[in-house]
A.B. asks: 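Handing you this structure, nothing more for now.
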Amino acid sequence: MADMSDPRPGSVLESPVDESPVDGVALDEVVEFTSGLIRIDTTNRGGGDCRERPAAEYVAERLAAAGLEPELLERTPGRTNVVARIAGTDPAAPALLVHGHLDVVPAEAADWSVDPFSGEIRDGVVWGRGAVDMKNMDAMVLAVVRAWARAGVRPRRDIVIAYTADEEDSAIDGSGFLADHHPHLFEGCTEGIGESGAFTVHAGPGRALYPIAAGERGTAWLKLTATGTAGHGSKPNRANAVSRLAAAVARIGEHRWPVRLTDTVTACLTELAALQGMSVDPRTPGFDLERVLPLLGPAGALVEATVRNSANPTMLSAGYKLNVVPGTATAYVDGRILPGGEEEFTATLDALTGPDVRWEFHHREVALEAPVDGRTYGILRESVEKFDPEGHVVPFCMAGGTDAKQFSRLGITGYGFSPLKLPPGFDYWSLFHGVDERVPVDALHFGVRVLDHALRTL
């Protein structure tokens, strides 16, 4: 554990928890469960095209075997969520949510070295869609809970475990449904941990970083609609909906958003600079981010996507025949908003779209920010560093979003914490939604040990 004089955010000194119940069975099970879940194809193609129920039944059976009473909950048949509660030893302590999603993004088998739904274990690596996002964490939670059951261990706090559907689309059948229609299942939960954090980022020889997510940009998926005058393609048309839409989309794509440093990003920049031997204060007027970022080396990738709002055009649709000018044209834009950046975002979109293009939110979720100067972040950090003393934990803000957004409706503060110790050269970032997604067996073993320690200490 950290010394009481440790100057980093969230430094704590905790009494040591009991000896870990994680044994060889748990280490074998996390690999077995990761592979087993990958073999269950839960591809989410969007628009309701997914069926998580087989995976939900898989985890529910294993939770029940550990003495829990999991509930299977559906808004739509086949779109199944699983929720179970572990009673803690301190009834006065607030409950903790641990969540992971069961769906995955599509995988084109022809592009892969292995069948993406084989769950193949080769040369100490588990392969397949979901190995990183996020059936690995789903399996870790199962392995930890079952290890506790075998050893008769109970955490200090009540722990609510939620396996969700539909995270890879709108979450309307998953965490959104649970938060809106089953809030009683999360009674007492004040904090939660979920995907995308505490994995190794190699920032140079001998320098391993473990970023813990303490923030998320908000989701702002937009629909743009341009209107004009329909007519023959051979005639002049000064009110061409396609031209108007194309111009607006080009302006949005070329716009350079101003830098806006949130508290989480500021803390991240300060700590990354200190690791490089630099003392910086991002709050100082005139702070030159463009000068500092290159000096951070590979670690700069932890912040460069979250220092601005963003809006990326992704889809266009117009017309029904080549020689007919349509009366309307539509486009979709993936917008992301920093905490506190909503007003700037909407005003900028109004200006960029102009008078002939209407925009609206197709899907919207809040931006999040969690404290990095308190007990919870400190325990998460020190749990990682207990098992990798040479590692450096830093806070970061996620460019995208997770189910933590929906659970925040219940007053739950979320952290991204899915611990993995990865070897140098392992490009974790590229495997999210990428080809040949995979996770080392050793990384899963590390994750189980860290997760067990963190959950029992919290």
A.B. asks: Which pair of non-hydrogen atoms, one from Y163 and one from D138, has the smallest distance, and what is that distance?
C.D. replies: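 Nearest pair, atom of Y163 first, then D138: OH-O, 2.9 Å.
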A.B. asks: Please table the atom pairs, donor to acceptor, closer than 3.5 Å between any side-chain atom in residues 361-372 and protein atoms at least two apart or in another chain.
C.D. replies:
from : atom 1 : to   : atom 2 : distance (Å)
E365 : OE2    : Q406 : NE2    : 3.1
E365 : OE2    : R409 : NH2    : 2.8
E369 : OE2    : T262 : OG1    : 3.4
E369 : OE2    : D263 : N      : 3.2
E369 : OE2    : T264 : N      : 2.8
E369 : OE2    : T264 : OG1    : 2.9

A.B. asks: Evaluate M137 against V141 for side-chain contact (heavy atoms from CB on, under 4.5 Å), listing each step before the verdict.
C.D. replies: CA-CA 6 Å; M137 176 65 168; V141 175; 4.2 Å; yes
A.B. asks: Please examine the side chains of I86 and L68, heavy atoms only from C-beta on, and report whether any two atoms are closer than 4.5 Å.
C.D. replies: yes
A.B. asks: Taking only Lys NZ, Arg NE, NH1 and NH2, and the carboxylate oxygens of Asp or Glu, determine whether E57 and R53 approach each other closer than 4.0 Å.
C.D. replies: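 Salt bridge flag = yes for R53 with E57.
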A.B. asks: Determine whether V384 and F417 make a side-chain contact, defined as any pair of heavy atoms from C-beta on separated by less than 4.5 Å.
C.D. replies: yes
A.B. asks: Any heavy-atom pair between the side chains of R51 and T42 that's under 4.5 Å?
C.D. replies: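 A side-chain contact is absent here, since even the closest heavy-atom pair is not under 4.5 Å.
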A.B. asks: Check this for me, if you would: do R157 and D90 make a salt bridge, where the nitrogen-to-carboxylate-oxygen distance has to be below 4.0 angstrom?
C.D. replies: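 Looking at D90 together with R157, the answer is no, because their closest N to O distance does not fall below 4.0 Å.
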A.B. asks: State whether a side-chain donor-acceptor pair under 3.5 Å links D166 with N44.
C.D. replies: yes
A.B. asks: Given the rule in the side-chain contact (heavy atoms from CB on, under 4.5 Å) test, do N309 and E344 qualify, once you have shown the distances and angles that lead to the verdict?
C.D. replies: CA-CA 9 Å; N309 289 335; E344 176 193 85; 2.8 Å; yes
A.B. asks: Under a 4.5 Å cut-off applied to non-hydrogen side-chain atoms, are L224 and T330 in contact?
C.D. replies: no
A.B. asks: Would you say T346's side chain and E342's backbone share a donor-acceptor pair under 3.5 angstrom?
C.D. replies: yes
A.B. asks: Indicate yes or no: at least one non-hydrogen side-chain atom of P183 is less than 4.5 angstrom from one of L410.
C.D. replies: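 Yes - at least one pair of side-chain heavy atoms lies under 4.5 Å apart.
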A.B. asks: Scan residues 74-127 for pairs that pass ring pair (Phe, Tyr, Trp, His ring centres under 6.0 Å), counting only residues two or more places apart or in two chains.
C.D. replies: H99-F407
A.B. asks: Mind checking the CD1-CG spacing from I161 to L97? Nearest 0.5 Å is all I need.
C.D. replies: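 Here the rounded value is 9.5 Å.
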A.B. asks: Between E191 and T413, is the side-chain hydrogen bond (donor to acceptor under 3.5 Å, both in side chains) condition met? List the steps.
C.D. replies: CA-CA 5 Å; E191 296 167 314; T413 299; over 6 Å; no
A.B. asks: Take a 6.0 Å sphere around CD1 of I172 and say whether it holds more than 12 heavy atoms from other residues, nucleotides or ligands.
C.D. replies: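 Result for CD1/I172: open.
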A.B. asks: For W257 and S310, which heavy atoms make the closest approach, and how far apart are they?
C.D. replies: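 In this case the closest contact between W257 and S310 is NE1-CA, 3.9 Å.
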A.B. asks: Show your working on salt bridge (Lys or Arg N to Asp or Glu O under 4.0 Å) between D169 and R45 and close with a plain yes or no.
C.D. replies: CA-CA 8 Å; D169 192 29; R45 296 174 180 84; over 6 Å; no
A.B. asks: Would you check if V439 and V125 make a side-chain contact, meaning some heavy-atom pair closer than 4.5 Å?
C.D. replies: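 Heavy-atom side-chain distance check fails, nothing below 4.5 Å.
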A.B. asks: Evaluate the ring planes of Y415 and Y377, with Trp represented by its six-membered ring, and classify them as parallel (under 30°), tilted (30 to 60°) or perpendicular (over 60°).
C.D. replies: tilted
A.B. asks: Would you say the ring centers of F177 and H182 fall short of 6.0 Å from each other?
C.D. replies: yes
A.B. asks: Restricting to pairs with a member in residues 425-439, which pass salt bridge (Lys or Arg N to Asp or Glu O under 4.0 Å), not counting sequence neighbours?
C.D. replies: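 Output for this query lists R129-E437.
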A.B. asks: At their closest point, which heavy atom of K421 faces which heavy atom of D388, and how far apart are they?
C.D. replies: CE-OD2, 3.7 Å
A.B. asks: Walk me through it: do D403 and T164 pass the test side-chain hydrogen bond (donor to acceptor under 3.5 Å, both in side chains)?
C.D. replies: CA-CA 8 Å; D403 280 332; T164 64; 2.6 Å; yes
A.B. asks: Hey, what do you get for NE2 (H445) to CZ (F387), rounding to the nearest 0.5 Å?
C.D. replies: 13.5 Å
A.B. asks: Give the intermediate values and the outcome of salt bridge (Lys or Arg N to Asp or Glu O under 4.0 Å) for residues E29 and R150.
C.D. replies: CA-CA 13 Å; E29 284 193 340; R150 287 191 299 273; 3.6 Å; yes
A.B. asks: Are there more than 12 heavy atoms of other residues, nucleotides or ligands under 6.0 Å from atom CD of E360?
C.D. replies: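 Counting neighbours around CD of E360, more than 12 heavy atoms of other residues, nucleotides or ligands fall under 6.0 Å, so yes.
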A.B. asks: Can a salt bridge be assigned to the pair E52 and R79 using a cut-off of 4.0 Å between side-chain N and carboxylate O?
C.D. replies: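 Salt bridge: yes.
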A.B. asks: Which one of W429, F446, F432 satisfies the ring-ring contact (aromatic ring centres under 6.0 Å, His included) criterion with F199?
C.D. replies: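 Going through W429, F446, F432 one by one, the ring-ring contact (aromatic ring centres under 6.0 Å, His included) with F199 is satisfied by W429 alone.
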A.B. asks: Would you call V265 and V307 a side-chain contact if the rule is heavy atoms closer than 4.5 Å?
C.D. replies: yes
A.B. asks: Side chains of T402 and E167: closer than 4.5 Å at any heavy-atom pair?
C.D. replies: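 Yes; the side chains approach each other to less than 4.5 Å.
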A.B. asks: Can you name the nearest heavy-atom pair linking P395 to A267, along with the distance?
C.D. replies: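 Nearest heavy atoms, P395 then A267: CG-CB, 3.9 Å.
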